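Take a look at the structure below.
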Number of protein chains: 2
Amino acid sequence: MAKLVAVDVHDVRFPTSRELHGSDAMNPDPDYSAAYVVLRTSDGPDGHGFAFTIGRGNEVQCAAIRALAPALVGRDVEEICADLGRVYFDLVDDSQFRWLGPEKGLMHMAIGAVVNAVWDLAGRRAGLPVWKLLADLTPEQIVGLVDWRYLRDALTPEEALDLLRAAEPGRAAREERLRTHGLKAYTTTPGWLGYDDETVDRLSRQAVADGFGQIKLKVGRDVDDDRRRLGVARRAVGPDVRIAVDANQCWDVAEAVRWVDRLRDFDLWWVEEPTSPDDVLGHAAIRRGIAPIRVATGEHAQNRVIVKQLLQAGAIDVLQPDAARVGGVNENIAILLLAAKFGVPVCPHAGGVGLCELVQHLAMFDEVAVAGHRPDRVVEYVDHLHEHFADPVRIVAGAYAAPTAPGMSAELLPSTLADYRYPDGPVWAGSPEPAGTVG
Amino acid sequence: MAKLVAVDVHDVRFPTSRELHGSDAMNPDPDYSAAYVVLRTSDGPDGHGFAFTIGRGNEVQCAAIRALAPALVGRDVEEICADLGRVYFDLVDDSQFRWLGPEKGLMHMAIGAVVNAVWDLAGRRAGLPVWKLLADLTPEQIVGLVDWRYLRDALTPEEALDLLRAAEPGRAAREERLRTHGLKAYTTTPGWLGYDDETVDRLSRQAVADGFGQIKLKVGRDVDDDRRRLGVARRAVGPDVRIAVDANQCWDVAEAVRWVDRLRDFDLWWVEEPTSPDDVLGHAAIRRGIAPIRVATGEHAQNRVIVKQLLQAGAIDVLQPDAARVGGVNENIAILLLAAKFGVPVCPHAGGVGLCELVQHLAMFDEVAVAGHRPDRVVEYVDHLHEHFADPVRIVAGAYAAPTAPGMSAELLPSTLADYRYPDGPVWAGSPEPAGTVG
């Protein structure tokens with residue numbers, strides 16, 4: 001009988017600030033990091049998961065994951081995998097941990113890391129990639145994985161069942177299409193705020209050559225700068241490739257409307273994170289103010305309650321869930337169901353460390369078994385740091401190829417764990433502090 | 001020249017779960033705890049602050065505060081005290097820490113603990129209690145302490161200035177009244193869910209005898225139980241003392257409306273935390289559904305952006321800020337200004353460990369310099385754990401007496417730090433795990 005024997009936690013950091021990869025209006029110098037967790041079992045495969053952070057505080061994120069270990073060690077692995085809601089419900093229902101959010105921030109991300117690791121483990125034991133494990137569940141099983149608390153005014157379990165049942169007949173055909181064509185991606189690679197015009201131009205052209213139909217640029221530090229960079233990008237990609245922009249929360253409501261107005265002549269596909277991720281009513285006001293340009297958000301939506309309200313308030317055109325911000329696969333199932341109910345396309349956030357690897361599974365599950373095929377679903381792609389993963393994403397002709405390896409593609413290579421260990425791994429030797437310390 | 005030489009962090013826990021003090025519908029067995037911080041200076045007084053938690057995870061809260069230390073140690077104390085926005089702005093603007101919220105949860109509470117400790121320090125150095133330090137600031141100085149980002153669609157700095165200037169002429173008279181009569185309190189002492197009827201009856205009668213005009217009962221686990229306990233309490237206090245109820249987030253929207261409907265014959269003053277603290281639209285729907293009974297919330301409002309929306313959406317009748325949940329005194333100034341703009345009374349959350357001690361300063365500042373005198377402002381009071389503080393609150397005839405000692409009343413006694421230290425203090429010896437471990 002396999003037991004969960006240990007919860008190993010690793011503080012892994014990449015010195016991305018040295019090259020300004022990942023720079024945007026709010027995050028000038030991130031050091032992409034993972035608070036990485038391995039659920040070690042007494043026999044058979046382990047489960048891998050992580051929270052994504054951008055540097056300082058990753059040690060606190062690791063401490064939060066370690067705090068969950070007593071609730072996990074000693075558990076029966078088969079029981080966990082037979083009831084994939086159990087660990088999630090136990091952790092979010094623990095009242096003492098709950099106080100530290102509730103269901104938000106560092107503690108919730110720790111729960112998300114563990115829950116995703118449980119799914120990775122379950123996929124490995126079943127011999128299936130997690131998208132397929134999910135897509136083979138019955139509607140009843142899927143509904144049973146969700147915490148329905150606080151959701152029923154927008155979506156009841158019965159409505160969710162109806163929606164999932166309606167999608168059942170098409171599952172096989174959509175899975176076939178997914179295995180053949182993959183899932184459409186867009187790329188943020190050309191768009192970081194720290195890049196000069198030559199880099200924006202070169203990477204934008206490369207994106208088109210690589211088959212992407214959409215790119216994204218960071219904006220929001222200086223409007224004239226944004227206009228110049230958008231001009232470079234629009235000339236590089238031509239009129240038919242979509243350009244989205246991402247303000248990373250830097251504006252107030254009125255400021256967002258004014259700023260976007262100055263960018264209208266570049267045919268923007270969506271405006272992402274125009275203001276605080278907590279500001280449901282603010283997003284709704286911005287959407288009214290910049291229509292018909294779309295509003296997108298979700299990567300920092302702390303939980304399903306915020307997502308519910310974004311949809312209820314008609315605040316967004318595009319929902320961008322993150323695989324590692326909320327309470328893991330289970331809460332993201334709730335989020336996919338909410339989006340399907342409201343008819344809003346799910347275009348997941350990715351990038352960072354391994355977010356592409358994780359979130360592809362959710363998007364593919366959405367395609368096969370929840371919302372079904374939507375031409376307007378595109379999954380973010382950034383070509384950083386994939387070489388550190390045991391089962392990296394594969395992009396073919398601008399689309400995510402369906403993973404075939406068992407699990408959730410979450411495993412970092414042993415050499416990466418050794419080399420990028422903070423603060424004592426060789427990459428950090430002689431550079432004990434990440435860039436841009438406060439104060 | 002005084003320097004900040006060290007940031008000491010203490011994990012302090014009280015075994016309150018042994019007596020079911022603090023038990024409610026969502027928190028059956030809290031161990032009231034503090035992640036306690038001392039800003040040690042090279043000469044003169046130190047600054048004291050803390051985050052309040054309810055047990056497990058307090059070590060993670062401590063780790064979060066420790067992560068902020070490099071941004072603080074070495075700073076000039078006079079500079080800090082001359083510019084009481086500086087530390088707050090530096091910490092919330094740090095992009096790498098910000099990612100862990102943003103501005104919410106464990107990391108934000110850590111910032112709040114440090115910012116409150118800075119105010120405690122400033123009060124001590126000025127020889128003033130913090131309420132008086134605040135109430136002596138000019139409108140311009142007060143507005144300069146606030147992070148206006150994400151607020152301007154509801155309240156501009158100019159509107160805040162107008163509001164503060166309009167309150168200036170009455171400051172002296174209100175301060176005089178405050179020093180004479182204190183600030184009206186209400187008590188939650190009789191109302192914990194774990195108490196039997198005899199205890200509810202006895203403590204309710206005691207509350208009236210002690211001069212309180214309002215008590216609060218926890219509800220939400222069983223509606224017949226709630227009816228019985230409300231009957232006991234109503235008989236004990238008579239028809240003229242107000243009874244509020246607190247559901248501690250346990251209901252969905254429709255469930256809240258149905259449940260409160262079953263309690264209408266007890267003349268409820270307000271219904272507190274009926275659902276998720278993140279659910280602005282849910283609170284608005286509940287308020288429409290239970291009118292004219294008031295809706296109150298705020299203790300778990302993660303930051304000023306949520307408070308802004310609660311007010312914009314007309315979701316609440318009573319705002320209940322917590323001194324240690326958001327980014328400290330500075331963010332609470334923003335919250336007081338928002339409430340004043342929307343004309344909603346501020347009835348702060350207290351209880352826990354030292355929350356009464358901290359929040360009285362904010363309520364008194366609100367009375368003297370922001371919203372002015374409001375007969376409907378009552379500050380929560382619970383008579384637990386005050387004996388552990390160097391300058392405990394004083395309740396006289398059902399009112400908070402204005403503190404006179406310098407600082408923010410945040411200092412725990414050295415004996416408490418030694419006795420309740422977790423996990424190795426003598427109170428915890430032989431009981432290494434807090435009650436009710438997960439799983």
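In what follows, chains carry the letters A, B, and so on, assigned in the order in which the sequence lines appear, proteins first and then strands, with residues in each chain numbered from 1. Being a predicted model, the structure only gives us computed values, none of them experimental.
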Quick one: pull up CD in A:Glu272 and NZ in A:Lys218 and give me the separation to the nearest 0.5 Å.
-> 6.0 Å
Please confirm whether the backbone N or O of [Y] pairs with a side-chain atom of [X], one donor and one acceptor, at under 3.5 Å?
X	Y	answer
A:Asn58	A:Ala34	yes
B:Asp29	B:Ser17	no
B:Asn27	B:Pro30	no

When you measure from the centre of the six-membered ring of A:Trp192, is the NZ or CZ of A:Arg221 under 6.0 Å away and within 45° of the axis?
-> no
Which bit of [X] comes within less than 4.5 Å of chain B, counting heavy atoms only: side chain, backbone, both or neither?
X	value
A:Val280	both
A:Phe89	neither
A:Glu255	neither
A:Arg98	side chain
A:Asp93	neither
A:Glu59	side chain
A:Leu68	neither
A:Ala254	neither
A:Leu106	both
A:Arg325	side chain

What residue in [options] has the most heavy-atom pairs under 4.5 Å with chain B?
options	result
A:Gly101, A:Pro102, A:Ala64	A:Pro102
A:Thr53, A:Val305, A:Asp279	A:Asp279
A:Gly105, A:Gly282, A:Ser95, A:Cys250	A:Ser95

Is the closest side-chain heavy-atom distance between [X] and [Y] below 4.5 Å?
X	Y	answer
A:Met109	A:Gln61	yes
B:Gln249	A:Tyr150	yes
B:His300	B:His349	no
B:Arg304	B:Asp147	yes
A:Asp31	A:Ile54	no
B:Tyr88	B:Glu331	yes

If you count heavy-atom pairs under 4.5 Å between each of [options] and chain A, which one has the most?
options	result
B:Val253, B:Leu100, B:Asp153	B:Leu100
B:Met26, B:Arg86, B:Met107	B:Met26
B:Arg66, B:Arg149, B:Gln312, B:Glu103	B:Arg149

N-O pairing of A:Lys104 and A:Asp278 below 4.0 Å | no
Chain A heavy atoms under 4.5 Å from [X]: which part of the residue, side chain, backbone, both or neither?
X	value
B:Ala313	both
B:Ile306	side chain
B:Pro277	side chain

